[in-house]
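Read the numbers this way: they start at 1 and go in the same order the structure lists the ligands and their atoms.
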Amino acid sequence: MSVKRLDDCLSVREGTLYVEECAALDLLREFGSPLFVFSEDQLRRNVRRFQTAFQAGWPDGPVVVMPAAKANWIAAIQRILADAGCGCDVYSSGELTMALEAGCPPQWISVNGVPKDEDHIRRSIQVGARLTIDSLEEVDVIERAAAELGRTAYVRLRLKPVLANFVDHSDFVAEGLAPTDIAAIAYKGGLTFEQVMAVAPRLLHSPHVELVGFHQHHGRHHRSTRYWEAQMAAYAAEIGRVCQALGGYRPQEIDIGGGFAVPRDPFNAATNYGEPLQLAALHSVSKVMRLFGSRPRYAVMARLVDTVAGHPNRHPAPTIEDYAAAVTATLRRELPKHGVDPRGVTLQLEPGRSMHGNTGIHLTTVKAIKRTTTPIRWTVIVVDTTEFWFTGGRYEHHLHHYLFANKCDAPMTGKADIVGRSCYGDRLLPAVPVPDVAVGDVLALLDTGSYQEVSMSNFNAMPRPASVLVTGDRAHLIRRRETEEDVFRRDVIPAHLARRPIPRTPTDGQAVEPVAVARRQAEVAA
Ligand SMILES: *Cc1c(COP(=O)(O)O)cnc(C)c1O
């Protein structure tokens with residue numbers, strides 16, 4: 001049997017796609033289409049690689065991997081992470097609940113974010129989680145809540161080191177060429193030196209609060225290791241500056257945040273590569289050709305449109321090991337330069353996309369193929385998923401690697417837009433190479449393990465698809481498919497809008513059945 005490994009958890013056997021030991025097509029048959037599929041083995045491997053690589057570079061103290069819950073907060077996924085010895089970066093109260101229920105040790109939970117509600121702060125203190133301070137406003141609330149609860153609040157300060165040595169353009173700003181240092185300043189996270197110094201002395205002297213260290217997170221502006229070296233150099237300098245200003249304070253923990261890329265790196269691929277430039281050329285030629293009338297114009301445009309091709313990112317990102325080496329070497333070199341001894345300091349990291357991205361794929365079935373031949377050639381392949389179930393990715397201009405799960409080895413013979421089922425244009429993959437595709441074929445979008453499932457919406461009143469976890473040759477449902485009833489669950493019809501007695505249509509005299517959901521809701525409201 002021919003077996004080709006694509007990634008740790010993916011392989012192609014006799015031309016069909018496997019996740020661990022499960023055939024993708026079997027998964028669809030059992031659980032329905034479309035489907036999010038996650039690999040337990042891939043997630044555990046990623047955790048081990050982060051733990052091993054960062055610990056190897058940081059002999060000075062413990063390393064705690066605290067994956068960002070927002071990237072994938074499905075309960076079963078969080079259970080695996082807690083079981084594998086991870087902490088957790090949480091933003092919201094819901095994510096805190098999930099991390100605690102998964103069994104994550106509270107002292108390894110970083111409660112990030114601004115604003116934090118008072119209840120959220122109180123609970124964080126009560127359970128002993130780390131509060132990562134990210135606004136001056138929350139300091140009063142923390143002190144008061146800790147005093148009232150008779151507990152110590154363990155806090156860290158989220159710094160905002162200026163990345164003056166890194167001016168490459170930020171991938172976050174897809175529309176322009178914003179330099180990363182400026183884009184990072186514009187992002188809301190973190191406190192400036194002046195803001196830190198406005199509260200740090202008070203935190204150090206508060207009987208209810210213990211300042212245990214520092215945090216930073218700029219996110220994935222750039223995927224290079226150079227970006228990480230620049231971040232860590234700036235962070236070390238900022239930590240040194242704050243410690244000195246506090247009269248020789250020593251942090252117990254230093255959290256470097258997240259923002260490492262996943263190897264196939266779909267982030268911003270939709271804008272970083274060929275298509276936009278080609279489209280710009282097309283646009284200019286199109287304008288000029290208007291002067292010649294529509295027949296010549298379409299003749300020229302058809303030629304040009306044939307050349308337009310989109311494709312996912314072709315350059316692999318650095319590995320987990322590359323990032324670990326860059327981060328730890330820079331920190332260990334730079335911290336002592338700024339008077340901070342790294343010995344005994346716990347190093348924490350919060351990978352999101354790089355922890356989860358390649359743990360998941362999305363399977364979707366081809367439902368229709370529409371071919372246009374005049375005045376230009378264009379093929380549209382309609383699948384049963386939608387960009388509204390990839391909201392996180394659309395927001396970040398993702399372009400995912402893909403293959404047809406039942407035709408992995410088929411040659412690419414044409415070009416098509418692969419579009420979703422919503423009433424939007426829903427271009428999931430614009431103008432990409434495709435094999436000879438038929439209705440019923442199964443498209444696999446790769447690296448959908450982070451930010452996608454957890455950001456789905458119900459646009460077009462569409463029930464959201466299910467998620468399964470593959471473990472070897474077994475697959476378990478970990479989030480069930482929504483029903484239409486789920487979609488309307490939160491709707492309430494006020495009593496004065498309740499439907500009146502069933503109207504009769506003038507034509508056939510038959511009773512018109514009111515929509516079942518509306519009727520049920522009216523009963524609830526009444
Ligand atoms: C989003 C986030 C992360 C994870 O970012 P990735 O780019 O997915 O690695 C880590 N820490 C904080 C505070 C975050 O907001």
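Protein neighbours of ligand 1 below 4.0 Å, counting non-hydrogen atoms: Ala68, Lys70, Asp89, Asn112, Arg158, His215, His217, Gly258, Gly259, Glu350, Pro351, Gly352, Arg353, Tyr451.
Side-chain N or O atoms of Gln126 include none that pairs as donor or acceptor with a backbone N or O of Arg151 at under 3.5 Å.
Screening Arg464, Arg480, Arg479 against Asp486 for a salt bridge (charged side-chain N to carboxylate O under 4.0 Å, His left out) leaves a single residue, Arg480. Checked options Leu28, Thr385, Leu35; the residue passing with Thr364 is Thr385 (criterion: side chain to side chain contact (heavy atoms under 4.5 Å, CB included)).
Side-chain contact, Glu229 with Thr330: no donor N or O sits under 3.5 Å from an acceptor N or O.
Using a 4.0 Å cut-off between charged nitrogen and carboxylate oxygen, Lys188 and Asp134 do not count as a salt-bridge pair.
With sequence neighbours left out, the ring pair (Phe, Tyr, Trp, His ring centres under 6.0 Å) criterion links Tyr424 to Phe388, Phe459.
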